[in-house]
Amino acid sequence: MSVMPPLDSSRTLDVSLGPQHPSTHGVFRMNVTLDGETVVRLQPVFGYLHRNHEKIAETHSYLAAMPYTDRLDYICPITNNWAYALAVEKLAGIEVPERAEYIRVIVGEFTRLQNHAALLGFLAGDLGGWGTALLWAFRLREKILDLFESLTGARMMANYMRFGGCRCDLPVGWLEAARAVVRDAHGQLDELEALLTGNEIILARLQGVGALTGERAINGGFSGPVLRASGVDYDIRKVDRYGIYDRFRFRVPRGTAGDCFDRMMMRLLEARESVGILEQALAGIPEGPVVNPKAKQRGLRPPAGEAYGRIEGPKGELGFYLISDGTDRPYRYRVRPPSLINLTLLEELCIGTKLADVMVILGSIDIVLGEVDR
Amino acid sequence: MSEFLETAPVWLKDWVLGLLAGFGVPGWILDLVAAGMVVGTCIGIFLGLFALMSVMERKILARCQNRYGPNRVGPFGLFQPVADGIKMITKEDIVPAAADRVVHFLAPVVMMVPALLVLAILPYGRDLVPVQLDAGILYFFAVGAGTEVAVFMAGWSSNNKYSVIGAMRAIAQMISYEMPLVIAALTAAMVSGSLAPQAIVEAQGPAGFLPGWYVFTPWGFVAALIFYTCALAESNRCPFDLPEGESELVAGHLTEYSGFKYATFFMAEYIGMFAICGLFVTLFLGGWQAPLPALGFVPSWVWFFAKVCAVAGSMVWVRATLPRLRIDHMLGFAWKFLLPMGFVTFLAAACWHYAGRGPAGWLASLAIVGAAYVALSANFSRRFSLERRVYQFSE
Amino acid sequence: MKADFEQLHAAFPGVEWSENPSPSGQHSVVVGCADAVAAAEFLRDRLGYDFCSNVSGVDWPPRKVKETVVRKDVTDGVEKEIKETIERDVPGYLEAVYHLYSIGGRKGPLVLRMRTADRAEGARVPSLTPVWKSADFQEREAYDLFGITFDGHPDLRRILMWDEFEDFPMRKDYVAPDDYEYEPTPHDEILEKVRGGKEAA
Amino acid sequence: MNEQKTSRWSESFAGRLLSGLRFPGAGLVKGLAVTARNFVGSYFEKDRLLTELYPEQRPRLPENSRSFPFLIYDGNDPEAGMRCVSCKICEKECPPQCIYIVQDRDAAGKALKRPRVFNIDISVCMSCQICVEVCPFESIRMDQVFEASSYDRFGSLVLTKRDLLKSNEYYHGIHPTEAAETDARIEADRKKKEAAAAAKAAKAAETAKAAAEKKEAPAA
């Protein structure tokens, strides 16, 4: 796709958007060739934040690699931990007790809620909305990060999941605080929705921009909300039934046109579903051990073999492919980065659109450079 | 007491002139001093308004976003403009190597001059008009067009891709929004029968106990809305801040400016905004007219500045809410919606006037404006296919 | 997964099944480089694996494998089996592993493996980007970090490292150079002071 | 599969009224209304403003909050009461390798159960508290001091043993529940050890007695 018909460079203007640019969500560059304001060619450039996370993990023990997974998608650290823990549990065949599964769902859905709210804020910022929606979204995110801090010790770098459960139990009074946050989450999502979905300027700027059909989305490797926006009904929580998601009643929204407006609405509707799951999980959490006592954390030596564990991360399918050779260090440690793979079709979506739309399409795909460059 | 306050500025000027005359100062110097004082107070007031506005804007935006806004420098952050001023002056003024230095230096000057010149014709009070011009409105638009040239000079001379795109957008936007702006102003001038701002304000005197402002007539309300939208576009403010679209063009035509030149641009933009708010108040909100005759004791210039601050505040409120338009939407909106509406309002004003300004006139103009609005908006939303989406859910 | 493998095996006899001893039970299918693209299209069109979720490069350097071999040995008229451990060195190779899913059929990971001839010139594997567009960036990453050249890839360039970088960092025998763009961070000096045992206490 | 309008807000009365009006201005007015409500709300509803005015209002850290590790000593003499026995497990397990321990030796060169040098390079430490998790002697815990910035890039970012050592009372101050659990565990271990020692002593006494009787029996 990137081999375009020869352009007479007299009419086009080569602009490099990034790596230092207000709305590329991190250190990410796009070499854009413009004909007036219309995009003729777009070449994404990665690698500015590459620190070879996979080589680091292959030279550390399984437990020591866990804090590094916080740094992958630093907006949702706990779901990264969960995906890695799930992969190691598959590799070593470790059971997870009941209460730990409930805590994992609660903390995972809180992460999804604050990620989707933050995305609505960033997208409004990309549209030129001067941060109003962003600050409202961060008000909700602030409360959730305070819950994470009182539970795991750090607002973002949680390092909370262990193989076979979680690191520590819920402190006293944490459940009441969590219920309070969940109670007024709908109110704050209402405000975001009132500001964003009815507004004619946003409708005009988002509807019909960057539309993608379902088949092309599947073939292009889209996963998560952006795939469901194109009308594909595929949510890994329902497909793989990992954790105890089959115990909760929640619905999976699907878009119709697969354009930026549908992607934004997917985040909004999924955030509301997450609040529903949280209400059910917070009501039904049982007592019991928080981590599987038989699981070894420090000197874990999984049997030789390989495993691919994946979860429905807020940005898409986050997977860990581990090959173990019996020692305490993974032989091969591979992260399936949803942000990078969702960018595969960026050029295809952006060709023919205006310069302002490139920012909106990139914003609606929701990438985090820690995960793209690893 | 209210009488004294009403004429205080004029009395002060005469007292100073009398004092100087007492010293035997020659006549032509007296005129010079008189003019100097008027110009000085005008610029002083508007610089004060600019300083106040730059901090109040940040505080209003902050409060809309549930945070405090600047509150460290002085009580409630009111000395923040002083701090900003010092920062801007002491900052290094970087000029890109390949920039066209002369044009790069001239751009802020050319931007600042029309913004200040335009303040001459605004009627601040009952008899507080710096320059009595019969064609004041014409003067306003003639001088006001200078800002477009300045923005393009800034964009072109910075030799930066973002600036060039920003400059192109600025030219397209300002020209296409100049047309509906002038037509909306013309409607008010036509109804009050004169292009002199003072006469327009007097024509909006109190009719019975109701204020005779044009904004309360059907055509006046629509013309005010059109004028307000185009005022936003003229002063490059949200949702029309495409030339300086910072989420796409980093800072548009201002990318390569820093230090005092950037401060000048910033100041010129705000004073331009105040000037066009002043014209909006003059044309549609009855200038220095008190809303109700009973409130006549309050001096007239207080009313004028109160209304200007209210309109400027509403511009900040709009900035806190609305995102930016895309280039083709913005142009389409100007040529395909605002311009036809402008002509229709012009027609409606004529019908209102010749139907005797009474209830019959009201109904006629209301009908014309309403019909045009429905027709244009139907075409508008069909073309943009802004439909409401219904989403499927699966268990 | 086994059923799909049978159908694939019927169509492409060159395909083998490789067991995965770990409790995850995700066994994989080894495909030869010759008919890889045809097998991929078969998988996608006939068996419905339309979602290529993950492409990883894996480096298997040459290693010595101890094997206990049971040898029948007739010594002085008595037949005895002798268990001997002989060392067989397995030649190294690079591997491209594809995890395929079926969106409609809700079918789990079918692990497709392609092995290169050797780890130097012969590290060539047919690219499956024409079949699944999602493999585009991931194959470029495998090329960038492992050195697996994908034939038929539309735009095979380095994706994460800068273009002038020669080596392949994720290989097991990669030695990080000590001298490039060295910027004295507080850590190094402290590490030297700390490691050097100079008394800081 | 059931259909549903966009979502909750549009079902409320105001939402239906405003979005029902099919003219372009409705959405903008709805947005302006929400912004105005927030503007007014920020003056009256106190829970809307979450900003902490940092230097004046000190942040209230939750009990589990962690910043950098510190060593615990019992009693009041840091050197003697130190719990760390320099087993170097934390040095091996630390992911970014920022801990450096040198075991103490007495005059005769015999290794003592105490570290002579215990440095943590907090410019490298990512406060992941794995050292706390793997320490078998409950001797290292996470502190709550987050104002650790310094002017000097090299010298003061390495915390030596003297800076790291803090008393058990301080530990009870910042993490009360965790400290109580740790003390309980230490108490239990000590009791178990004493019981074991007592049992061994008793067994030793018995065997000594039995041996003594055997000696006397043949003698008698």
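Within every chain, numbering begins at 1; the chains are lettered A, B, ... in the order of the sequence lines, protein sequences first and strands thereafter. Treat the numbers as computed from the prediction; the structure is a model and nothing was measured.
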Among A/Gly309, A/Pro303, A/Gly220, residue most engaged with chain C (heavy-atom pairs, under 4.5 Å): A/Gly220
For chain C, the option from A/Thr344, A/Asn219, A/Leu227 that forms the most heavy-atom pairs under 4.5 Å: A/Asn219
Aromatic ring proximity A/His53/A/Tyr333, centre distance under 6.0 Å: yes
is_close_aromatic(C/Phe146, C/Tyr143), centroid dist under 6.0 Å: no
Need one label for [X]: side chain, backbone, both or neither, based on atoms under 4.5 Å from any heavy atom in chain A.
X	answer
C/Arg140	neither
C/Val111	side chain
C/Arg157	side chain
C/Asp50	both

In terms of heavy-atom pairs under 4.5 Å with chain A, which of [options] leads?
options	result
C/Val97, C/Asp144, C/Asp59	C/Val97
C/Pro109, C/Pro21, C/Gly108	C/Pro21
C/Met161, C/Gln138, C/Glu19	C/Gln138

CA sep, side-chain torsions, deciding dist, call: A/Thr33, A/Asp14, side-chain hydrogen bond (donor to acceptor under 3.5 Å, both in side chains): CA-CA 4 Å; A/Thr33 313; A/Asp14 284 330; 3.1 Å; yes
Sort [X] into side chain, backbone, both or neither according to what part of it lies under 4.5 angstrom from a heavy atom of chain C.
X	value
A/Ala92	backbone
A/Ile341	side chain
A/Asn52	side chain
A/Asn342	neither
A/Ile323	side chain
A/Phe222	backbone
A/Val45	neither
A/Pro44	side chain

Quick one: does any side-chain atom of [X] pair with a main-chain N or O of [Y] as donor and acceptor, under 3.5 Å?
X	Y	value
C/Lys66	C/Arg88	no
C/Asn54	A/Arg336	no
A/Arg29	A/Ser16	no
A/Arg51	A/Gly370	yes

Donor-acceptor side-chain pairing of C/Ser53 and A/Tyr308 below 3.5 angstrom: yes
Derivation and outcome, salt bridge (Lys or Arg N to Asp or Glu O under 4.0 Å), residues A/Arg332 and A/Glu58: CA-CA 6 Å; A/Arg332 171 68 171 114; A/Glu58 279 172 11; 3.6 Å; yes
Step-by-step side-chain hydrogen bond (donor to acceptor under 3.5 Å, both in side chains) determination, A/Ser223 to A/Glu317: CA-CA 6 Å; A/Ser223 63; A/Glu317 173 196 330; 5.3 Å; no
Salt bridge flag under 4.0 Å for residues C/Arg113 and A/Glu306: yes
